Amino acid sequence: MKIATWNVNSIVARLPLVLRWLDEAKPDVLCMQEIKCVEDKFPAMAFEELGYKTAAFGQPSYNGVAFASRFDIQNVKRGFTGAEPGDHSRLIAAEINGINIVNVYIPNGSEVGSDKYIFKLNWMNRLRLFFKERYSQTDPVLVCGDFNVAPEDRDVHDPAKWVGNVLVSPRERASLEQIRAWGFIDAFRLFTESSGAFSWWDYRQGAFQKNDGLRIDHIWVTKSVAERCQSSWIDKEPRSWERPSDHTPVIVEIATGKE
DNA sequence: ATGGTTGTAAAACAA
């Protein structure tokens with residue numbers, strides 16, 4: 001079973017690339033972030049024509065998360081429990097083929113110390129509590145998405161250049177580690193220890209051509225899922241296509257016993 | 001370079 005995560009940066013603008021990638025990479029599940037549209041505008045039919053069911057949680061213009069899956073998408077949960085009006089659409093969870101998949105778009109944070117930075121840290125704390133209240137560490141749980149944090153310096157092309165910036169600041173990294181410590185393992189790091197593997201490159205300054213990127217998109221799994229992970233990798237190719245998202249897909253292959 | 005690029009949506013704002 002192949003599960004992928006991709007911040008598509010507008011599903012309406014990116015639909016041709018997303019469909020092309022689904023056709024070529026053939027993941028069983030694609031978790032998307034930044035769909036940037038309400039559910040009514042989500043192009044569900046285009047996914048159905050490729051054999052994918054969908055579930056989306058959107059809002060106008062910003063944020064938004066969605067699943068596309070060859071398997072049934074069961075027990076869909078949109079947003080945190082106790083969500084309030086005006087909350088961003090940044091989390092969608094569901095049970096897919098026996099795995100509890102939580103698809104998140106963690107806030108960017110803008111600048112260290114800003115209101116948006118505090119909002120990011122608070123949102124990450126709510127995410128930590130979401131796992132605590134909803135799942136057990138022995139459950140098969142997979143959380144993936146645009147975490148907007150590079151966990152370590154080896155996840156940054158030029159760490160010195162990023163000191164003092166969001167995505168790498170110590171408080172964000174500590175908050176991310178608190179989430180991970182509930183019971184997650186970074187699936188990508190089960191298979192690749194080296195630096196230089198990134199999932200996002202800024203649109204500016206030819207960052208992609210210089211591989212001046214960050215690894216901020218992640219797939220984390222609980223122990224029972226980790227034991228079934230067969231491989232995990234980043235597919236850089238869609239970042240090189242015309243009119244790309246600034247992110248590229250991260251994939252994990254999980255044994256289900258049905259293959 | 002207080003710039004640079006892209007998306008939404010129609011002027012800033014978010015990333």
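Just so we're on the same page: letters track the sequence lines, and every chain starts at 1. Computed from a prediction, not measured in an experiment: that's the story for all the values here.
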Using the [atom1] atoms only, state how far [M] lies from [N], rounded to an integer number of Å.
N       : M       : atom1 : answer
dG4(B)  : dA15(B) : C1'   : 13 Å
dA11(B) : dA1(B)  : C1'   : 24 Å
dC13(B) : dA9(B)  : C1'   : 11 Å
dA10(B) : dT6(B)  : C1'   : 16 Å

His88(A)-Tyr105(A) aromatic ring centre distance below 6.0 Å: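 They do not qualify: ring centres at least 6.0 Å apart.
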
Sequence neighbours excluded, every pair satisfying salt bridge (Lys or Arg N to Asp or Glu O under 4.0 Å) that has a member inside residues 98-111 of chain A: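 For residues 98-111 of chain A, and leaving out neighbouring residues, there are no salt bridge (Lys or Arg N to Asp or Glu O under 4.0 Å) pairs at all.
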
Salt bridge (Lys or Arg N to Asp or Glu O under 4.0 Å) contacts in which one or both residues fall within residues 116-129 of chain A, not counting sequence neighbours: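 Matches after skipping sequence neighbours: Asp87(A)-Arg126(A), Lys120(A)-Glu172(A).
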
Nonpolar side-chain network containing Phe198(A), other nodes, edges under 4.5 Å: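 Noted: Phe198(A) shares its cluster with Trp201(A), Phe208(A).
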
Fellow cluster residues of Val12(A), listed by chain then number, with links counted only when side-chain atoms sit under 4.5 Å apart: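 Members alongside Val12(A): Trp6(A), Val8(A), Ile11(A), Leu15(A), Leu17(A), Val18(A), Leu19(A), Trp21(A), Leu22(A), Leu30(A), Met32(A), Ile35(A), Phe42(A), Phe47(A), Leu50(A), Tyr52(A), Trp233(A), Trp241(A), Ile251(A).
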
Under 4.0 Å protein heavy-atom contact, by nucleotide of nucleotides 6-15 of chain B - B base, S sugar-phosphate only: SSSS---BSS

Atom-pair distance (NZ on Lys161(A); P on dA1(B)), nearest Å: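 Whole-Å distance recorded here is 15 Å.
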
Ring pair (Phe, Tyr, Trp, His ring centres under 6.0 Å) involving His157(A) - partner list, sequence neighbours excluded: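 His157(A) satisfies ring pair (Phe, Tyr, Trp, His ring centres under 6.0 Å) with no other residue.
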
